[in-house]
Amino acid sequence: MKIAIANDHGGYELKVHLVNYLKEKGYEVVDLGTDSNHSVDYPLFGYKLGKEIATNKYDFGIAICGTGIGISIAANKVKGIRAALIYDEKTAILAKQHNNANIIALGGRTQTNREAEKLVDTFINSEFELRHQHRLDLLEKMGGE
Ligand code: RB5
């Protein structure tokens with residue numbers, strides 16, 4: 001499994017933790033930064049991750065800022081991106097089952113490392129339900145007007 005990950009300063013520590021966690025599980029992880037706690041602008045990192053995931057070279061992406069909100073908004077600016085903020089078991093499952101999210105967003109200031117591990121594992125282990133495909137097709141047609 002190949003995963004890309006990007007974060008702002010609010011997500012840096014959780015990013016470092018998750019990169020190690022996911023690599024230990026044998027996943028390939030491409031880290032798009034930022035690489036420290038120094039303040040940066042989350043729109044730039046969310047958009048960069050969105051562009052990378054839109055190449056279809058990855059299984060999915062992980063976006064982390066303080067809350068996961070800003071960076072998911074930025075990623076969703078890229079055509080073809082379905083970035084979902086997940087924050088409990090239900091949203092981690094439904095983001096895959098219903099939305100087939102290609103980016104999940106987490107909050108470095110709202111989740112513990114252990115909670116984030118569980119959310120990522122739950123998302124990975126869930127399956128998209130094809131009955132929702134027509135809604136994704138509608139989303140794909142939107143934007144750019
Ligand atoms: C940065 O201070 C903070 O606004 C950012 O990490 C994020 O939470 C935005 O949604």
Side-chain angles (χ1 to χ4, degrees), residues 1-133 135-136 138-140 142-143:
M1 182 162 300
K2 191 170 177 184
I3 301 166
I5 191 163
N7 58 284
D8 76 352
H9 52 289
Y12 173 66
E13 273 150 30
L14 178 56
K15 185 275 295 286
V16 171
H17 178 81
L18 282 181
V19 168
N20 290 329
Y21 177 73
L22 294 168
K23 282 186 174 169
E24 272 171 25
K25 283 180 163 264
Y27 301 143
E28 186 182 347
V29 184
V30 175
D31 183 352
L32 302 174
T34 188
D35 302 322
S36 78
N37 283 317
H38 291 294
S39 183
V40 292
D41 296 321
Y42 63 80
L44 303 178
F45 288 89
Y47 195 73
K48 183 178 180 183
L49 178 65
K51 288 297 232 187
E52 195 63 19
I53 294 301
T55 64
N56 291 319
K57 289 188 299 195
Y58 300 85
D59 291 277
F60 72 102
I62 302 176
I64 315 173
C65 63
T67 58
I69 296 172
I71 201 160
S72 59
I73 292 171
N76 277 317
K77 296 284 181 189
V78 179
K79 183 117 184 112
I81 293 304
R82 295 179 304 280
L85 177 63
I86 60 172
Y87 48 88
D88 59 14
E89 190 185 13
K90 229 174 220 179
T91 52
I93 293 170
L94 290 171
K96 178 67 80 51
Q97 282 185 347
H98 287 203
N99 312 112
N100 203 17
N102 48 16
I103 293 178
I104 52 171
L106 300 167
R109 294 173 181 155
T110 56
Q111 279 140 2
T112 64
N113 290 346
R114 182 69 194 121
E115 284 165 351
E117 288 175 6
K118 280 200 247 169
L119 291 173
V120 174
D121 287 341
T122 300
F123 176 77
I124 289 174
N125 293 324
S126 300
E127 294 281 339
F128 176 54
E129 293 174 356
L130 260 183
R131 66 195 171 93
H132 292 282
Q133 182 60 48
R135 298 184 175 120
L136 304 192
L138 286 171
L139 285 172
E140 193 54 33
M142 292 171 178

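For the single chain, residues carry numbers from 1 onward in sequence order. Keep in mind that what you see is a predicted model, and the values were worked out from it rather than measured.
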Just to verify, what does Glu28 make a side-chain hydrogen bond (donor to acceptor under 3.5 Å, both in side chains) with, not counting sequence neighbours?
none
Across all chains, not counting sequence neighbours, the ring-ring contact (aromatic ring centres under 6.0 Å, His included) partners of Tyr87 are none
Leu136 side chain reached by Glu140 side chain, heavy atoms, under 4.5 Å
no
Spatial distance of atom OH (Tyr12) from atom CD1 (Ile64) [nearest 0.5 Å]
11.5 Å
Where does the angle between the aromatic ring planes of Tyr21 and His17 fall among parallel (under 30°), tilted (30 to 60°) and perpendicular (over 60°)?
parallel
Expected output: side-chain Lys15 to main-chain Ala6 donor-acceptor under 3.5 Å:
no
Taken in chain and number order and not counting sequence neighbours, the residues that satisfy side-chain hydrogen bond (donor to acceptor under 3.5 Å, both in side chains) with Arg109 are none
For the residue pair Ile53 and Val78, establish whether any side-chain heavy-atom pair is separated by less than 4.5 Å.
no
side-chain contact (heavy atoms from CB on, under 4.5 Å) for Val19 and Lys23? Distances and angles first, verdict last.
CA-CA 6 Å; Val19 168; Lys23 282 186 174 169; 3.9 Å; yes
Can you name the closest pair of heavy atoms from Ile71 and Ala63 and give their distance?
CG2-CB, 3.6 Å
Ile3 vs Val30 side-chain heavy atoms within contact, under 4.5 Å:
no
Please round to the nearest 0.5 Å and tell me the distance separating atom CD1 of Ile62 and atom CD1 of Ile104.
5.0 Å
Looking only at heavy atoms, what is the nearest atom pair of Leu32 and Ala4, with distance?
CD1-CB, 4.4 Å
Between Phe60 and Val120 the two heavy atoms that sit nearest each other are CZ-CG1, 4.4 Å
Would you say Glu89 has more than 12 foreign heavy atoms packed within less than 6.0 Å of its CD?
no
Quick check for you: to the nearest 0.5 Å, what is the distance between Gln97 atom CD and Leu130 atom CG?
12.5 Å
Using side-chain contact (heavy atoms from CB on, under 4.5 Å) as the criterion, point out the one residue from Thr110, Asp8, Asn7 that pairs with Cys65.
Asp8
Tell me which pairs pass salt bridge (charged side-chain N to carboxylate O under 4.0 Å, His left out) where either residue lies in residues 46-61, with sequence neighbours left out.
Glu52-Lys57
Evaluate the criterion side-chain contact (heavy atoms from CB on, under 4.5 Å) for residue pair Arg131 and His98; output intermediate values, then yes/no.
CA-CA 8 Å; Arg131 66 195 171 93; His98 287 203; 3.9 Å; yes
How long is the span from the NZ atom in Lys2 to the OH atom in Tyr27, to the nearest 0.5 Å?
16.0 Å
List the steps and the verdict of side chain to side chain donor-acceptor pair (under 3.5 Å) for Asn37 and Glu13.
CA-CA 8 Å; Asn37 283 317; Glu13 273 150 30; 3.3 Å; yes
Looking only at heavy atoms, which two atoms of Gly108 and Leu14 are closest? And how far apart?
CA-CD2, 4.0 Å
Is there a donor-acceptor contact under 3.5 Å from the side chain of Asn99 to the main chain of Arg82?
no
Taking salt bridge (charged side-chain N to carboxylate O under 4.0 Å, His left out) as the cut-off, I'd like each qualifying pair that reaches into residues 114-124, sequence neighbours left out, listed once.
Lys25-Asp121, Arg114-Glu117
Between Ala74 and Gly46, what is the shortest heavy-atom contact and its length?
CB-CA, 3.9 Å
Would you indicate whether Lys77, at its atom NZ, is surrounded by more than 12 heavy atoms from other residues, nucleotides or ligands within a distance under 6.0 Å?
no
Report yes if the side chains of Leu119 and Leu106 come closer than 4.5 Å at any heavy-atom pair, otherwise no.
yes
I need the Leu49 CG to Ile5 CD1 distance, nearest 0.5 Å.
8.5 Å
Output for pair (Phe123 CZ, Lys96 NZ), nearest 0.5 Å, gives 4.5 Å
Who pairs with Asp88 by side-chain hydrogen bond (donor to acceptor under 3.5 Å, both in side chains), at least two apart in sequence or on another chain?
Thr91
Looking only at non-hydrogen atoms, find the nearest pair between Ala101 and Ala84 and report the distance.
CB-CB, 3.8 Å
